[in-house]
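Report on one structure; see the data block that follows.
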Amino acid sequence: MELFIQQLVSGISIGAIYSLLAVGYALVYSVYNFTNWAFDGFMAFGAFMAFTGITSLFMPFWLAALFSIILTVILSVGTEKLAYSPLRARKAPRLFMMISAMGVNLATVNIINLIYGGVFRKFPIDTLQPIFIKGVSIGRMDLMAGGISFGVLALLWVFLYRTKWGLGIRASSIDIMTASLMGINNNAVAIVVFAVTGVLSSVAGVFYGIKYAVFPMMGIVTIKAMIASIVGGLGSLPAAILGSMILGILETMVSGYISSTYRDLFSFLFLIIILLFFPNGLMGKSSGEKL
Amino acid sequence: MTEKMPMLDIQDLSVYYGGICALNQVSLHVNEGEIVSVIGANGAGKSTLMKTIVAVKSFTSGKIMFQGQPLKKEAHDVIKDGITLSPEGRRIFSPLSVRENLMAGAYTRNDRHEIEATMEEVFTLFPRLKERINQRGGTLSGGEQQMLAVGRALMSKPKMLMLDEPSLGLAPIVINLMFETIVRLNKEMGLTILLVEQNASIALSVCQRAYVLKTGTINMEGTGQELLHDKRVMESYLGIAK
Ligand SMILES: Nc1ncnc2c1ncn2[C@@H]1O[C@H](COP(=O)(O)OP(=O)(O)OP(=O)(O)O)[C@@H](O)[C@H]1O
Ligand SMILES: [Mg+2]
């Protein structure tokens with residue numbers, strides 16, 4: 001029972017980090033219909049910026065996190081302006097958008113590798129003692145990662161569903177042409193979407209770095225978030241969160257009860273089985289609604 | 001002098017899709033307070049004309065003046081200046097509620113109270129929409145969706161409302177209701193309206209002036225009544241053989 005609760009808390013916190021990533025993919029996909037592979041590099045960039053903030057610039061953790069968020073937002077919006085927006089303006093097929101995103105990703109990861117080297121680094125933050133509740137040890141870092149990630153997701157929900165900007169983004173995700181007939185400025189929407197994506201990848205990068213390690217290839221984990229969002233139902237935000245939570249909890253349960261070596265094997269096998277029964281994902285809708 | 005100046009003045013407008021010419025040297029104008037209809041068959045270029053006037057499609061040559069100023073280059077600026085298009089096929093945001101659809105129409109405006117007031121006006125015009133306020137747009141009937149499309153366009157408080165085939169896919173009785181409302185908007189609220197239609201008989205009977213668009217060129221113009229009784233129009237667009 002203790003093991004179960006421990007693994008559950010850990011699973012929820014890793015699921016929350018996957019959720020940030022999956023939502024980032026889903027958001028871009030729902031508006032622009034392409035998979036933003038650059039997200040992978042942004043996540044690593046976010047983690048390294050926080051790392052640098054603490055180790056070289058002697059910032060406290062919160063300031064380093066803010067520093068990372070700001071720089072990652074600039075990188076994400078800059079990528080949109082320099083790499084994606086010109087392609088959209090020329091009505092490039094979405095495959096080209098994806099290839100452009102992969103290019104940005106390769107460049108980001110390799111530049112990080114060149115500057116920092118490929119070694120695994122421990123995120124420079126004191127490991128806090130776990131809390132013990134009735135003999136169950138609960139990691140404070142897990143609580144913090146889970147809590148803040150859910151906080152970020154809740155803010156995003158309020159933004160998308162309770163503000164005018166959010167309405168503009170949702171309308172654009174449904175029908176970008178009609179959205180512009182409403183006076184919704186497509187370029188402004190793009191900046192906001194990629195800024196939000198930047199925040200999500202930075203926060204996810206920092207927490208993932210804390211939980212495991214900081215290294216240039218760490219963004220590879222975004223593949224899991226992608227798969228989780230497919231299992232949930234592609235393009236929908238709640239579905240992305242559902243898929244991520246299932247994957248996160250599944251993974252920690254497998255490593256707790258079976259073996260951490262087989263973690264990915266078992267988890268993905270299970271996800272394939274889900275897809276066999278729900279080919280559109282658990283919450284998959286055929287078309288129309290996306291966000 | 002300002003009284004004589006048309007609200008919308010288009011001169012020698014040409015529009016291309018790649019190498020294909022969709023509009024060729026089109027000139028037309030709309031005076032303040034008028035209903036002007038443009039009729040034409042499939043592929044005549046009606047929708048292209050509408051899209052060009054709201055700047056979602058760019059033009060190759062010619063001039064578009066709105067209230068004495070050259071048309072803005074970006075759709076959101078054109079809409080702020082007071083031109084709104086209710087597009088062909090309604091294009092409702094189906095997953096969004098009726099209310100959210102209307103709020104999207106008010107995107108260029110900021111005053112909450114004034115937006116709410118406009119929404120009430122839309123509800124007086126289309127009480128059905130009020131009954132369905134929390135329902136998803138996609139679940140409305142065709143007629144209700146057309147009401148929503150027009151209501152959504154009105155939410156921007158346009159000076160000139162443009163309607164692209166408001167009769168498309170509707171039952172005759174619903175078409176009549178829709179056009180009664182269009183006439184009311186013009187008569188009671190003084191709204192200037194430019195509409196394009198394949199349904200020539202109804203479009204010509206509600207308008208003050210009309211143009212006939214044929215494969216990208218204006219080939220006739222006159223008052224609604226003149227065109228309604230014109231032999232060529234009768235034969236080609238009203239299905240009356242003489
Ligand atoms: N996106 C496009 N790319 C290429 N050609 C186009 C495009 N849109 C329209 N056309 C062409 O331009 C011409 C005019 O089209 P338009 O849609 O303006 O006609 P319409 O009068 O609105 O027709 P309908 O009554 O069928 O709506 C047609 O020949 C059409 O094939
Ligand atoms: Mg058309």
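Below, read A as the first sequence line, B as the second, and so on, with proteins coming before strands; counting in each chain starts at 1.
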Notebook entry, point to check: Got a second to check how far B:L96's CG is from A:L167's CG, nearest 0.5 Å?
Noted result: 6.5 Å
Item checked: Shortest non-hydrogen contact between A:G183 and B:T108, atoms and distance -> CA-CG2, 3.9 Å
Item checked: B:F123 CZ: over 12 foreign heavy atoms closer than 6.0 Å -> yes
Item checked: Between OH on residue B:Y107 and OG on residue A:S180, distance to nearest 0.5 Å -> 12.0 Å
Checklist line | Distance in Å, B:M162 CE paired with A:L181 CG, rounded so as to fall on 0.5 Å steps | finding: 8.5 Å
Item checked: Value rounded to 0.5 Å, distance of CD1 in B:I79 from CG in A:N185 -> 10.0 Å
Margin query: Heavy atom to heavy atom, less than 4.5 Å: which residues from residues 71-78 of chain B reach chain A?
Written below: B:A75, B:H76
Notebook entry, point to check: When you look at OH of B:Y16, are more than 12 heavy atoms from neighbouring residues, nucleotides or ligands closer to it than 6.0 Å?
Noted result: no
Notebook entry, point to check: Do other residues, nucleotides or ligands put more than 12 heavy atoms under 6.0 Å from the CD atom of B:E32?
Noted result: no
Next item on the list: Any chance you could measure A:K164, atom NZ, to B:I115, atom CD1, to the nearest 0.5 Å?
Entry: 6.0 Å
Check: Counting only heavy atoms not in A:F159, do more than 12 fall under 6.0 Å of its CZ?
Finding: yes
Checklist line | Largest heavy-atom contact set with chain A, pairs under 4.5 Å, which of B:M155, B:K80, B:R152 | finding: B:R152
Check: For B:Y17, does the OH atom have more than 12 heavy-atom neighbours from other residues, nucleotides or ligands under 6.0 Å away?
Finding: yes
Notebook entry, point to check: Considering all heavy atoms of both residues, which atom of A:T178 and which atom of B:F93 are nearest to each other, and what is their separation?
Noted result: CG2-CZ, 3.9 Å
Note to self: Atom NZ of residue position B:K157 - does it have more than 12 heavy atoms of other residues, nucleotides or ligands inside 6.0 Å?
What the structure shows: no
Notebook entry, point to check: With only heavy atoms counted, which part of B:K51 is less than 4.5 Å from chain A, the side chain, the backbone, both or neither?
Noted result: side chain
Check: Heavy-atom distance under 4.5 Å to chain A: side chain of B:R112, backbone, both or neither?
Finding: neither
